[in-house]
Structure formats: structure tokens, C-alpha cells
> 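Quick one: this structure, given as C-alpha cells, is what I'll be asking you about.
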2 protein chains.
Amino acid sequence: MNQPVETLRDRKKRRTRAALERAALRLSAEKGYDHVTVEEIAAEADVSVRTFFNYFASKDEAVIGVDPETGPRVVARIFAAPEDASPFEAYRQAVLAEITDDLENARELWLLRKDVLTQRPDLLVRMFTSNAESEQLLADAVARRAGLPESHLYPRLLVAAGGTAFRCAVARWAFDDTVALGDVVGAALDMFATGLAHVPPHQTEGGAS
Amino acid sequence: MNQPVETLRDRKKRRTRAALERAALRLSAEKGYDHVTVEEIAAEADVSVRTFFNYFASKDEAVIGVDPETGPRVVARIFAAPEDASPFEAYRQAVLAEITDDLENARELWLLRKDVLTQRPDLLVRMFTSNAESEQLLADAVARRAGLPESHLYPRLLVAAGGTAFRCAVARWAFDDTVALGDVVGAALDMFATGLAHVPPHQTEGGAS
DNA sequence: GGACTTTTTTGCAGTCTCTGCAAGTTTGCA
DNA sequence: TGCAAACTTGCAGAGACTGCAAAAAAGTCC
């Protein structure tokens, strides 16, 4: 029907969004998140303040890097997993693939973001779990793969756990980025997979400190 | 040294905080969170707007019911658990006890809060995980009980998982409050305990839908 | 009770985030 | 070229939140 052809408009929009995100991160890393105004961000990206708010609902969203395409893309990845993969495995693969890709495509942004999130850990909380909407999307996808009713706890819990794994991993990665973020997320997901009932053996990844 | 005697000042402060929280919740449940101003909340609690902000750093915090005493109290509960309890068990007991108590002491507030959190699920995200500070406190407590270094992933992950369990449980409870909130949190924590690798057998609590 | 210290409350001025609206510009398309 | 749809922008305004200094209240000591 509609081939996903990228029109000039689309390209411009993507560029503007990227410019705003980059500006927000660069300035926040440099001067501190609280000392940067939306006005400055918009100026650096060469658009009006009003336009900033056409792209991001809040200043927070800009540094978080909220992207409306992420949710649907991860859902697609969940369904793209092998037939015989468990719901957990499907979700795990989708999340790790998304992270790896994003880190690949925007490594510099992530390095800046690391700084900003260290300044304001509360923003980190809203990153993966950013909007209830996309979380709902993912939970529905997991539920379908698991053959569970939407009201069941498991899908929501799994998706939320993924967000939590991501959050903790970023926190740890910000503390020591000699390890790959994807690996830390993977490790965290493994702990969730096998259960938290017992303290894991001392196989600290990296063994730092 | 300093007996925990409750002076008049302390009592007034507690009352004011409670009045503000109640006002925030009542008005939000009635008119919708976005249609309530801090001015109205302060008026209903019979204090000035400026005083509102002396108690809560933001409008959000008022409906969330942020209380500076909660963090330390849960930490105390973690250490109060039986010597032979695993870190997970200690944490689990602490969380469940806190929830049970709070629900006991402020049931009406929770019924209002349920409404508000249904309107704005994003606030729910910030509830348990509200501030990075108290999360840090809890993680340190768990780490000490587990004999792990502070940098280890496990304590942070466990605490964050608790927050997640709580969050998902509230979401489900808001949807159907014929079950006790504490029980749903318990069920969620059980899933985390045994691991999310496999879809749990269909022992749906309540079996709704 | 009166004088003095410490806390808490309050008003005020001011900054910043965010929204609705209407007009101006750019892009897509026939 | 000409029209329609999508974006951008400025503007006015509501509302959240902060710093500051004065006023009020509570605790203390004589």
C-alpha cells in the first residue's frame, strides 16, 4: 500500500528532532541540566521554542530521547523472534537488539546522556518506562506471544522488569563504562530470568571494586 | 539521648503535610489531576502556596504521598528481619509490612490515589521509585545483609524489582480491587523470586477475565 | 510573664515550562 | 501553477516553582 518512502518532510523532521536532542544533551552535559533553558536548546537547534514543544512534550523528553517509533519497532522485534523462543527469550532478544542498534547509531549521544543521567537519576527512571502507552504496547505483545489474557500480571511484570534491568544497567554503566551496556542489560535480565530468591554467586561482571 | 517526644511543632507539621496530601488527592480525584492547581490545594489545606512547596517539592509529590520517613523506616524493617532470612526474604517482608501498615492507616487516601494514578499512570512510575535517594538507602541495606559490595548489581536490581512489583500491583489493583493490594504485591514478588524465564502456570490470582 | 532563639509561615517578585490559537511558510501533489 | 496538507512561529497567558526577607509561632530560660 504505502511504501515507506522517506519524503523530504520526513527527513527534515527527523533532522530537527535529532538536532534538538543533541542540543539538549550537549548543553545539559556542559552546563548542567537545570541550568539549561528550553530557549537555549531551541536556539542551538535553530528553531523556535514553540517548535521544540512540537517535538517534545517536555524538556525531560528531549534528553531522554523519546522517540515515537521505538515502541512499535520493539513490538515488531518481539514478533520477529523465532517461533520456538519463549516469551521471555523473544522479549530479551528484542530489547537487546534495540539497545545494541541504538548504541551503534548514536554512541556520542549516549556518552552525553550518561553524564546527564548521572546528574539527575530521576530522569533515568522515566527512560525506558517513559510512557505508559508504549509499555502497554509491549505488554500486549508479550501477552499475545504467551497466550495470556491482557489482565494477567506476567506480561506487565516482564516488560516492567525489562525497563528496570535497563535502568539499573545504565546506572552501573554510567559508573564504569569499561563494560558494554548491552552486556550489563543482558546480565540483569539473566538475574530476572533465574530469579532473585538467592544472591547470585560472586561472578561479578567486571568484578569492579 | 533524644527521646522521640512529639512536640507541638512536630504534630502541626505532620497535620499540615497530611492535610495537603489529602487535599491534593481529594481535589484530583474530583476534578482531574490536571485541572487542580497548587493554589486550590493550598487553599483547601488552609495554608499558603509557598507553604505547600515547603512540604512538597512538586505537585506530583503531594499526590504520590512522598514521606521522608518512609525510606529509613523500611531500612529499619530490613534489618529487623530474622537473622536466618535471606536478603530477598528480608526485603520482601519489609516491603509487605510497609504496604500493609500504610494501607491500614490511610485506606481512604489510597482509594483516592487509585483514581488519580489511573488518570496519570506516569505518576505511578515515580511512586515507589520516587527518589533515587531512598532507593540508594534500601539498596545499601540489602547489600549489607547480602554481604555484597555496593557496586554489585543484585541489591539495586532487587530494590528496583520491588518498586516494579509494587507498581504493577497497584496498576492491577486499580483495575480490580477485590483482591488485597498486599497480596498482589506478594504475588509479583514471588514471580521475581522464582524467575521470569518461564510463563507461570495459569494460577491467576483471582482468575479475572 | 518577659526576653531571646529557633522554626515555620507567608507574601512577593521573578523565572521557566508548557499550551492554545491564528497567521505565516514550506512541502506534496495534481 | 495552484491548492491542500503539514510545519513553524510568535504571542499571550496559565501555572509550577525558587529565593528572599519579614511576620508569626513555638520552644527555652530566667
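Per chain, numbering begins at 1; letters A, B, ... match sequence-line order.
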> If only side-chain N and O atoms of B:Thr51 are considered, is one of them under 4.0 Å from the OP1 or OP2 phosphate oxygen of C:dT10?
yes
> Tell me, yes or no, whether the heavy-atom count around B:Glu133 atom CD, taken from other residues, nucleotides or ligands under 6.0 Å, exceeds 12.
no
> In whole Å, I'd like the distance from the CZ atom of B:Arg50 to the P atom of C:dC12.
14 Å
> What is the distance, rounded to the nearest whole Å, between atom NZ of A:Lys12 and atom C1' of C:dT27?
8 Å
> Separation of A:Phe53 atom CZ from D:dA14 atom C1', in whole Å?
14 Å
> Please report, rounded to the nearest Å, how far the P atom of C:dG11 is from the CG atom of B:Asn54.
12 Å
> Could you tell me whether A:Phe56 contacts a base, only the sugar-phosphate backbone, or nothing, with contacts defined as non-hydrogen atoms closer than 4.0 Å?
nothing
> Let me know the distance between CZ of A:Arg17 and C1' of D:dA6, rounded to the nearest Å.
15 Å
> What does B:Val47 touch in the nucleic acid at a heavy-atom separation under 4.0 angstrom: a base, only the sugar-phosphate, or nothing?
sugar-phosphate
> Distance check needed: D:dG27 C1' versus B:Lys13 NZ, whole Å only.
14 Å
> Any cation-pi pair here, A:Arg92 with A:Phe192, using under 6.0 Å and within 45°?
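The answer is no; the distance or angle limit is not met.
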> Minimum heavy-atom separation for B:Ala160 and A:Thr164, please, with both atom names.
CB-CG2, 3.1 Å
> Is the cationic atom of A:Lys59 (NZ for Lys, CZ for Arg) positioned less than 6.0 Å from the six-membered ring centroid of A:Tyr33 and within 45 degrees of its normal?
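A:Lys59 over A:Tyr33 ring: yes.
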> Given the structure, check if the side chain of A:Arg9 and the base of C:dT27 hold any donor-acceptor pair shorter than 3.5 Å.
yes
> Assuming nearest nucleotide by heavy-atom distance, tell me which of B:Leu8 and B:Asp60 is located more 5' along DNA chain D.
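So the residue in question is B:Asp60.
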> Please confirm whether the shortest side-chain N or O distance from B:Ser48 to OP1 or OP2 of C:dT10 is below 4.0 Å.
yes
> For A:Phe52, report the nucleic acid contact type (base, sugar-phosphate, nothing); a contact means any heavy atom under 4.0 Å.
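Counting heavy atoms under 4.0 Å across all strands, no contact is made by A:Phe52.
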> Round to the nearest Å and state the distance from A:Asp34 atom CG to D:dC17 atom P.
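One finds 13 Å between P of D:dC17 and CG of A:Asp34, rounded.
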> Write down the distance between NE2 (B:His35) and C1' (D:dA16), rounded to a whole number of angstrom.
16 Å
> Counting only side-chain heavy atoms from C-beta out, which of D:dT9, C:dG11, C:dC18 sits nearest to A:Ser58?
C:dC18
> OP1 or OP2 of C:dC16 sitting under 4.0 Å from any side-chain N/O of A:Lys59?
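Checking A:Lys59 against C:dC16: no side-chain N or O falls below 4.0 Å of OP1 or OP2.
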> Counting just side-chain N and O atoms, does B:Tyr55 come under 4.0 Å of either OP1 or OP2 of C:dT9?
yes
> Under 6.0 Å from the ring centre and within 45 degrees of the ring axis: does the NZ or CZ of A:Arg113 meet both conditions for the six-membered ring of A:Trp110?
yes
